[in-house]
Protein chains: 2
Amino acid sequence: MTKYNHQTKILIAADCIIFGFDGRQLKLLLVQRALEPEAGKWSLVGGFVQPEESLGQAASRVLHKLTGLSDVYLEELSTFSEPTRDPVERTVSVAYFALIDINKYKQQITTDYHAEWFDLNKFPKLIFDHQEMVEKAKARLRYKAAFHPILFELLPAKFTLPQLQSLYEEVYNIEMDKRNFSRKILSMHLLEKLDEKDKENSKKGAWFYKLNKKKYKANFHSVATIIPNPDIYYS
Amino acid sequence: MTKYNHQTKILIAADCIIFGFDGRQLKLLLVQRALEPEAGKWSLVGGFVQPEESLGQAASRVLHKLTGLSDVYLEELSTFSEPTRDPVERTVSVAYFALIDINKYKQQITTDYHAEWFDLNKFPKLIFDHQEMVEKAKARLRYKAAFHPILFELLPAKFTLPQLQSLYEEVYNIEMDKRNFSRKILSMHLLEKLDEKDKENSKKGAWFYKLNKKKYKANFHSVATIIPNPDIYYS
DNA sequence: TCAAAAGTGTTTAAAGTACACCCATGA
DNA sequence: TCATGGGTGTACTTTAAACACTTTTGA
């Protein structure tokens with residue numbers, strides 16, 4: 001069959017912006033780049049798209065290789081395609097952002113990477129346009145989480161309302177009223193109260209909740225205004 | 001400098017889903033494909049990314065070449081990258097959706113394309129996965145327009161409230177109360193009433209409005225719930 | 001017994017929704 | 001003069017926001 005002759009072929013990479021939450025702060029998982037150039041510099045984890053895989057599969061593969069995790073929340077953010085963004089050779093990158101439970105991340109023994117969690121407000125200079133990717137991912141996370149219940153993805157299977165509230169407060173850098181917060185969250189009917197308390201963070205202990213996965217999936221696209229004045233966050 | 005050896009390079013294309021509104025229905029601008037294979041079949045307009053341009057520039061170029069328009073609302077939708085989506089040769093496509101004033105589209109005399117507007121609810125079978133791109137663009141348009149005032153992009157510079165309402169009703173396939181609609185739209189303070197009436201569509205005539213571009217740009221990312229129950233529309 | 005965090009209800013304000021009549025005009 | 005579409009206001013309901021005290025318990 002005819003080929004598309006005289007057209008330029010380009011390297012394509014998938015890069016992942018991986019978010020985590022340690023109970024206090026939002027974190028970003030970065031790796032020390034193995035390839036030249038810039039070997040040893042901090043970067044997002046990424047890899048070239050292989051002949052037999054789609055971009056989403058490439059992102060999943062890269063994420064799995066680093067963290068050992070599958071079934072992770074992974075969303076296409078956007079493409080980065082300035083011709084000179086990679087000084088070695090033209091590479092178009094498709095950025096994905098991932099939300100993972102930070103406790104689940106176990107560095108693979110046979111990893112090629114040195115990986116580390118950094119505070120999202122203070123992380124090292126990154127290679128190429130990775131800084132811009134992180135900024136865009138942060139904006140997207142804020143935008144999306146203002147309407148969709150995706151922040152659960154950053155918490156363990158069992159979590160408390162105060163933990164969840166801290167997460168929202170951290171993501172949006174605001175303080176929220178716990179009475180209004182719990183009413184709003186519980187009115188979505190996505191959470192089930194367990195008869196177990198978290199005694200680590202207070203004497204009285206806070207009830208654990210878990211996601212009702214069925215309802216979560218069914219209502220995943222539902223829109224709720226979780227955050228006051230979501231105007232501020234855009235995408 | 002070292003190159004990234006042994007990595008697969010891939011063709012990259014930008015495809016545009018171009019929406020218009022004729023006053024009654026949403027329209028889709030399609031072209032008859034010039035290239036083999038599938039020459040003569042209907043498809044989205046698109047083109048391969050050139051060495052010196054970004055993906056966004058490629059999309060703008062393709063759109064400009066077809067319509068003669070610049071400064072068009074153009075938003076990256078997502079990538080389409082199944083290895084076998086193009087039977088000739090692997091091509092990753094980045095889909096963009098565009099909103100244009102249908103009256104402004106003048107087919108270029110020297111076009112390579114035969115282009116035509118189709119009703120969004122009834123258009124021919126498209127090549128490859130272009131059908132899927134259109135569906136995704138439609139969903140994104142509904143999602144985005146439920147919160148952001150982007151539908152103005154589909155109207156002429158001067159338009160009336162009844163026209164705008166028809167557009168919303170068409171996009172969401174709902175009927176809206178004109179009193180509530182005008183109150184909500186005007187409360188955004190994005191529109192300026194002109195002292196001129198559209199007498200084409202009624203005897204009494206409806207006042208023309210125009211966008212206050214300054215406020216429009218400033219508030220572009222603002223979030224307003226223009227549509228009741230936006231739950232239904234997602235992205 | 002007290003310090004620290006968890007849990008809970010009510011009142012008020014704002015936003016959204018439903019609804020019906022008069023107006024201007026050309027045919 | 002009448003048929004057609006344009007324009008406007010009000011009452012009601014729902015939702016969001018502000019706000020303070022009691023409970024539990026480990027140290």
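Each chain gets a letter, A, B and so on, in the order its sequence line appears, and its residues count up from 1. On a predicted model such as this, the values are computed, not experimentally measured, just so you know.
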| Of residues 191-206 of chain A, the positions that come close to DNA chain C - non-hydrogen atoms, cut-off under 4.0 Å | A:N201, A:S202, A:K203, A:K204, A:G205, A:A206
For [X] and [N], what is the distance between atoms [atom1] and [atom2] respectively, to the nearest whole Å?
{"X": "B:Q165", "N": "D:dG5", "atom1": "CD", "atom2": "P", "value": "14 Å"}
{"X": "B:F181", "N": "D:dG6", "atom1": "CZ", "atom2": "P", "value": "12 Å"}
{"X": "B:E169", "N": "D:dG5", "atom1": "CD", "atom2": "P", "value": "14 Å"}
{"X": "A:I185", "N": "C:dG7", "atom1": "CD1", "atom2": "C1'", "value": "16 Å"}
{"X": "A:I174", "N": "D:dA18", "atom1": "CD1", "atom2": "P", "value": "11 Å"}
{"X": "A:R179", "N": "C:dG7", "atom1": "CZ", "atom2": "P", "value": "14 Å"}
{"X": "B:K178", "N": "D:dT4", "atom1": "NZ", "atom2": "P", "value": "14 Å"}
{"X": "A:N180", "N": "C:dA13", "atom1": "CG", "atom2": "P", "value": "16 Å"}

| request: Check if the side chain of A:K184 and the base of D:dA16 share a donor-acceptor pair of N or O atoms closer than 3.5 Å. | output: no
| Is the B:H148 to B:Y73 ring centre distance short of 6.0 Å? |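 No: the rings miss the under 6.0 Å criterion.
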| field | Ring centres under 6.0 angstrom apart (A:F128, A:F80) | value |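 They do not qualify: ring centres at least 6.0 Å apart.
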| query | For the side chain to side chain donor-acceptor pair (under 3.5 Å) test, which of A:E75, A:E135, A:E76 pairs with A:R140? | reply | A:E75
| B:H130 side chain to B:L44 main-chain N or O, any donor-acceptor pair under 3.5 Å? | yes
| query | When rounded to the nearest 0.5 angstrom, what is the spacing between NZ in A:K104 and CD1 in A:I102? | reply |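 Reported to 0.5 Å precision, the distance equals 13.0 Å.
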| message | If I take atom CD1 from residue B:I17 and atom CG from residue B:L63, how far apart are they, to the nearest 0.5 angstrom? | response |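 Rounded to the nearest 0.5 Å, the CD1-CG separation comes out at 11.0 Å.
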| Which nucleotide, C:dC19, C:dT8, C:dA20, lies nearest any side-chain atom of B:D177? | C:dC19
| A:R183 side-chain proximity, nearest of C:dT17, D:dG6, C:dT10 | C:dT10
| message | Between A:F181 and A:L164, is there a side-chain heavy-atom distance shorter than 4.5 Å? | response | yes
